[in-house]
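Right, one structure below, let's go through it.
In listed order, ligands and their atoms are each counted from 1.
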Amino acid sequence: MQHIKNYINGQLIEPVSKTYLDNYDPSTGKVYSYIPDSDEKDVELAYAAAKNAFKEWSILPKDKRSQYLLKIAALIEKNLDKLALAESIDNGKPLKLAKTVDIPRAAANFHFYGTGILHYASHAHSMEDSAINYTLRQPVGVAGCISPWNLPLYLFSWKIAPALAAGCTVVAKPSEVTPMTAYLLSELCVEAGLPAGVLNIVHGLGGKVGNAIVSHKDIPLISFTGGTTTGKHIASIAAPMFKKLSLELGGKNPNLIFADCDYEKMLSTTMLSSFANQGQICLCGSRIFVERKIYDKFKTDFIAKTKALVVGDPRDEKTKVGAVVSKPHQEKILSYIELAKQEGGKILCGGNPIKMSGEFSEGYYIEPTIIEGLNYDCRTNQEEIFGPVVTITPFDTEEEALKMANSTIYGLASVVWTQDLTKAHRIANNIHAGIVWINCWLLRDLRTPFGGVKASGVGREGGFEALDFFTEPKNVCVKL
Ligand code: NDP
């Protein structure tokens with residue numbers, strides 16, 4: 001069986017401890033490879049390599065750095081099929097989704113920052129004839145990047161690409177639950193000839209490797225995407241060390257559906273925003289609020305479409321919903337469905353684990369689930385479930401919809417469905433979320449700032465904001 005390796009100082013190497021963890025295929029529930037059980041010794045090696053590489057990488061002309069990133073982007077595109085298959089096996093997601101969304105977007109991240117850095121400029125401020133100020137933007141140093149399992153390569157590259165473009169060197173940890181695409185990326189970096197130590201990938205557990213990165217005294221910047229509880233823990237270590245921090249955390253995103261929407265477009269997109277990637281996208285809309293005038297119609301149509309979703313073998317073209325990522329995660333989702341029942345929720349469809357046949361009989365499958373009849377402020381409607389589970393709730397007025405939408409500790413993304421332009425903009429203005437999609441979902445322009453408010457995080461990724469994050473501004477004031 002394959003042993004994944006760490007990527008340190010340009011080499012693919014074993015962990016110092018020589019110990020490994022099991023890596024599961026969620027679609028079969030079977031171990032299919034092994035992942036380094038690294039610890040602070042491996043992080044130290046990675047840090048030393050990154051520190052050493054920083055001297056040259058940080059002053060390498062931008063166009064040279066750009067060429068490396070574009071080469072990596074091209075290699076990801078060239079290896080699309082292999083990477084998509086690896087991500088589907090690692091994560092349980094439909095192969096088609098990996099092929100059409102995750103992997104192309106990972107290539108796009110390298111492409112975007114490989115070209116973006118060429119156009120990144122700093123500011124100058126003239127004080128008429130007394131002085132001139134200009135701002136130097138210098139790479140911060142060795143960046144620590146930690147990413148989750150739900151969109152493994154996409155979110156990993158979303159951090160690494162701007163860090164490298166900005167001139168930082170990197171010590172990165174992908175999720176231990178889905179390490180394979182990050183490993184394949186390290187092979188592509190070797191093939192691209194990326195100088196040794198510029199990117200270092202250390203595999204292993206969050207509590208060991210992640211913690212060692214976050215608490216490393218000489219890593220001045222942490223870019224983290226993951227759960228809110230982990231984010232809070234990381235902030236408690238990094239903040240007293242005055243590290244630069246970007247935290248992209250959980251969500252409990254509302255969908256507001258008004259009676260005047262383009263109904264068919266809304267319905268088909270709501271299917272995706274509810275159940276794509278088994279509902280394991282931080283941007284999925286898990287609380288659906290529907291104007292009462294169309295509530296019954298929506299409920300009937302939504303249930304019918306949900307029941308028709310094909311759940312099963314992620315590699316089958318017909319599959320729309322694959323396996324959830326792990327056994328503990330499956331148990332967590334099912335426990336929330338039980339909680340919903342205890343809170344008075346009515347399961348309109350789904351609600352159960354699915355026992356598949358043959359090689360998939362031990363896989364982690366859950367029926368796409370719709371629940372109604374819950375108060376907007378109950379736990380099921382307030383806590384992140386992160387699975388194929390949505391609640392639906394009717395509303396009468398815009399004020400009521402907004403009150404329910406804004407009632408959680410989270411504020412990542414939101415969706416508004418209406419043909420009334422003024423109402424759409426008014427709601428966008430009043431909703432507590434870092435992202436508002438109007439009559440669409442998951443459309444991304446990489447130039448825009450990405451991230452949440454409240455417990456969904458601090459800092460912004462995407463666009464030039466990410467390049468700002470990985471560089472330190474220094475103002476130079478020159479007396480004329
Ligand atoms: P976790 O917070 O459990 O883990 C995220 C990463 O942090 C993993 O690599 C994990 O390692 C690591 N980690 C865990 N503990 C520590 C620690 N003490 N110190 C440092 N690193 C640690 O999140 P999940 O992987 O479960 O991902 C799902 C969560 O991510 C959801 O809440 C989702 O909403 C959120 N998310 C947010 C996004 C956003 O942009 N706002 C985008 C995508 C997901 P290990 O895997 O070994 O535990």
Please confirm whether G452 comes under 4.0 Å of ligand 1, counting heavy atoms of the residue only.
no

The protein heavy atom nearest to atom 40 (O) of ligand 1 is F450 CE2, 3.2 Å

Going by distance alone, is a donor N or O of one side chain under 3.5 Å from an acceptor N or O of the other, for Y120 and D468?
yes

Does L412, backbone or side chain, put an N or O under 3.5 Å from an N or O of ligand 1?
no

Side-chain (T319) to main-chain (V321) donor-acceptor, under 3.5 angstrom:
no

Start with the C-alpha gap between K41 and E44, add the side-chain angles, then the distance that decides, and say whether salt bridge (Lys or Arg N to Asp or Glu O under 4.0 Å) holds.
CA-CA 5 Å; K41 295 193 190 77; E44 200 48 52; over 6 Å; no

State yes or no: are the ring centers of F289 and W417 separated by less than 6.0 Å?
no

Report yes if some N/O of T230 lies less than 3.5 Å from some N/O of ligand 1; otherwise report no.
yes

Nearest protein heavy-atom contact for atom 18 (N) of ligand 1: which residue, which atom, what distance?
H233 CD2, 3.3 Å

Exercise check, heavy-atom protein proximity under 4.0 Å to atom 4 (O) of ligand 1
no

So is G204 touching ligand 1 or not, going by heavy atoms under 4.0 Å?
yes

State whether the shortest distance between N or O atoms of G227 and N or O atoms of ligand 1 falls below 3.5 angstrom.
yes

Give the numbers and elements of all ligand 1 atoms closer than 4.0 Å to a heavy atom of W149.
24 (P), 25 (O), 26 (O), 27 (O)

Please confirm whether the backbone N or O of V16 pairs with a side-chain atom of D42, one donor and one acceptor, at under 3.5 Å?
yes

What residue and atom, counting heavy atoms only, is the protein's closest point to atom 27 (O) of ligand 1, and at what distance?
P148 CB, 3.3 Å

Looking at D102, T178, N277, T225, which one forms a side-chain contact (heavy atoms from CB on, under 4.5 Å) with N150?
N277

In this structure, atom 38 (C) of ligand 1 is nearest to the protein heavy atom C282 SG, 3.0 Å

Among protein heavy atoms, which lies nearest atom 28 (C) of ligand 1, and at what distance?
F386 CE2, 3.6 Å

Please name the pair of heavy atoms, one in A166 and one in I117, separated by the smallest distance, quoted to 0.1 Å.
CA-CD1, 4.1 Å

Would H3 and Y20 count as a ring pair (Phe, Tyr, Trp, His ring centres under 6.0 Å) if you check the C-alpha gap in whole Å, the side-chain angles of each, and the deciding distance to 0.1 Å?
CA-CA 8 Å; H3 283 70; Y20 288 81; 4.7 Å; yes

Determine whether a donor-acceptor pair (N or O, by modelled atom type, separation under 3.5 Å) exists between the side chain of E372 and the backbone of I347.
no

Check ligand 1 against G210 and write out every atom of the ligand that is under 4.0 Å from a heavy-atom position of the residue.
19 (N), 20 (C), 21 (N)

Residue K96 excluded, over 12 heavy atoms near NZ under 6.0 Å
no

In ligand 1, the atoms that come under 4.0 Å of a heavy atom of F224 are 2 (O), 5 (C), 6 (C), 7 (O)

Students should be able to answer this: which protein heavy-atom is nearest to atom 13 (N) of ligand 1, and at what distance?
G206 CA, 3.4 Å

Any N/O of S147 closer than 3.5 Å to an N/O of ligand 1?
yes

Just let me know how I213 lines up against ligand 1, side chain, backbone, both or neither, with a heavy-atom cut-off below 4.0 Å.
neither

Name the closest protein heavy atom to atom 46 (O) of ligand 1, giving the residue it belongs to and the distance to 0.1 Å.
S175 OG, 2.9 Å

Is the shortest distance from a Lys or Arg side-chain nitrogen in E461 or K159 to a carboxylate oxygen in the other one below 4.0 Å?
yes

Part of L249 within contact of ligand 1 (heavy atoms, under 4.0 Å)
backbone

Taking distance alone, with N or O pairs closer than 3.5 Å, would you say E384 contacts ligand 1?
yes

Residue-level breakdown please: for L151 versus ligand 1, do any non-hydrogen atoms fall below 4.0 Å on the side chain, on the backbone, on both, or on neither?
neither

Would you say R460's side chain and F469's backbone share a donor-acceptor pair under 3.5 angstrom?
no

Enumerate the atoms of ligand 1 whose separation from the nearest heavy atom of L205 is less than 4.0 angstrom.
47 (O)

May I ask you to identify the nearest protein heavy atom to atom 11 (O) of ligand 1, giving residue, atom name and distance to one decimal place in Å?
K173 NZ, 2.9 Å

Under 3.5 Å: N/O of I146 near N/O of ligand 1
no

I'd like to know whether NE2 of H216 has more than 12 heavy-atom contacts from other residues, nucleotides or ligands below 6.0 angstrom.
yes

Side-chain ion pair, E87 and K93, N-O less than 4.0 Å
yes

Say whether N150, considering both its backbone and side-chain N or O atoms, lies within less than 3.5 Å of an N or O atom on ligand 1.
no

Using heavy atoms and a threshold below 4.0 Å, how should the contact between T229 and ligand 1 be classified: side chain, backbone, both, or neither?
neither

Contacting atoms of ligand 1, where contact means under 4.0 angstrom from a heavy atom of L155:
42 (C), 43 (C)

Run through S186, C145, P179 and flag the one making a side-chain contact (heavy atoms from CB on, under 4.5 Å) with I201.
S186

Applying side-chain hydrogen bond (donor to acceptor under 3.5 Å, both in side chains), run through R315 and S88 and close with a yes or a no.
CA-CA 7 Å; R315 264 65 75 195; S88 172; 2.8 Å; yes

